[in-house]
Number of protein chains: 2
Amino acid sequence: MDEVFKALADPSRRKLLDLLHENSGQTLASLCTHLDMTRQAVTKHLNLLENANLIATVWHGREKLHYLNPVPIHEIYERWISKYERHRLQALSDLKKHLETPSPEPHGKHEARQQSSASHPSGEPVEHPH
Amino acid sequence: MDEVFKALADPSRRKLLDLLHENSGQTLASLCTHLDMTRQAVTKHLNLLENANLIATVWHGREKLHYLNPVPIHEIYERWISKYERHRLQALSDLKKHLETPSPEPHGKHEARQQSSASHPSGEPVEHPH
DNA sequence: AATATAGGCAACCAAATGGTTGCATGTCAA
DNA sequence: TTGACATGCAACCATTTGGTTGCCTATATT
């Protein structure tokens, strides 16, 4: 599991996951066109992702096709979201998304604050009085 | 969001989140007892987590209490799990957990393979024929 | 008031990370 | 078969990271 988090830590690798999420089965060369670095660097990133089991690959002739594997992400989710929080968080997230979409009625922005006191018994976090 | 992933990349920081998940509102000193490093090092980790918005803090006299904030984790989840995969993944995960619990019937281990071909159009990933 | 407790800040250091260049190998197409 | 294409592997380098030590401040306790 450590490798999964390490893999997700880099923005280029996350971009690779995003690319595969919207377009499955791409080759190395294809992915390279979206990243501003050498092919070799991208290879390193892809290897890391593959070792972390975040992507699976299939060889097709001389082409290596890459696929996103969502399972590890789901396991991260399970680790720190207790079952009871899930519904609330999902509702929150859906609401946020709803508020973000350009709604037909041109109201003032609702200032969708997505977090603040999401789960804390003592209300708003308080600044250090030093 | 970058800070969130960076924060999650380190095992010590993940352990801190685990500690706060099972016991909310701990002080720095309290958390230190579970990690094999100096207090200053733990402080650095906690600051990173706080900047990433993964924990919120409340000062209480000279004690700084730490709380887990699950929202960013949920956002990670939303990023790469398309809505249609969620049900299937949840079922898979539940099944895995079920198989892992010491069942009353002393069967042979079911060898709960949790991932393999979880979402790939081309079936089992294939090894490089080179 | 004196002392112990809870925490912050800065300088320093070894190791890991993310990129590069250079070269080698296997596959397809003319 | 020759050359272009798709990818792999290794050495190297600058920066970031994760830890240390040393010292300072603020709040409790006696």
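Keep in mind it's a predicted model, so treat the numbers as computed, not measured. Here is the naming used below: chain letters follow the sequence lines, and residue numbers restart at 1 for every chain.
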Margin query: Tell me the interatomic distance from B:L35, atom CG, to D:dG18, atom P, rounded to whole angstroms.
Written below: 14 Å
Close N or O pairs between protein and nucleotides 28-30 of chain C (under 3.5 Å):
none

Next item on the list: Rounded to the nearest angstrom, tell me the gap between atom CH2 in A:W59 and atom P in D:dC5.
Entry: 17 Å
Margin query: Defining pairs by Watson-Crick or G-U wobble geometry with both distances under 3.5 Å, how would you list the stems of DNA chain C with at least three pairs each?
Written below: C:1-30 with D:1-30
Checklist line | Test side-chain contact (heavy atoms from CB on, under 4.5 Å) applied to B:H21 - qualifying residues, sequence neighbours left out | finding: A:W80, A:S82, B:L68
Margin query: Can you list everything that forms a side-chain contact (heavy atoms from CB on, under 4.5 Å) with A:Q90? Sequence neighbours excluded, please.
Written below: A:S93, A:D94, B:H74, B:E78, B:R86
Next item on the list: Nearest whole angstrom, please: distance from the C1' of C:dA10 to the CG of B:N47.
Entry: 13 Å
I'd like a table of atom pairs between the protein and nucleotides 15-18 of chain C - only N or O on both sides, under 3.5 Å - with the distance next to each one.
{"from": "C:dG18", "atom 1": "OP1", "to": "A:D10", "atom 2": "OD1", "distance (Å)": "3.4"}
{"from": "C:dG18", "atom 1": "OP1", "to": "A:R13", "atom 2": "NH2", "distance (Å)": "3.2"}
{"from": "C:dG18", "atom 1": "OP2", "to": "A:R13", "atom 2": "NH1", "distance (Å)": "3.2"}
{"from": "C:dG18", "atom 1": "OP2", "to": "A:R13", "atom 2": "NH2", "distance (Å)": "3.3"}

Note to self: Nearest whole Å is fine: how far is D:dC13 C1' from A:Q40 CD?
What the structure shows: 16 Å
Notebook entry, point to check: With the threshold set at 4.0 Å, does a side-chain nitrogen-carboxylate oxygen contact exist between B:R14 and B:D10?
Noted result: no
Item checked: Short side-chain N/O contact from B:T43 to OP1 or OP2 of C:dG8, under 4.0 Å -> yes
Next item on the list: Find the distance B:R39:CZ to D:dT21:C1' and express it as a whole number of Å.
Entry: 12 Å
Next item on the list: Round to the nearest Å and state the distance from A:E63 atom CD to C:dT25 atom P.
Entry: 22 Å
Next item on the list: Under the salt bridge (charged side-chain N to carboxylate O under 4.0 Å, His left out) rule, collect the residues that match up with B:D18, sequence neighbours excluded.
Entry: A:R79
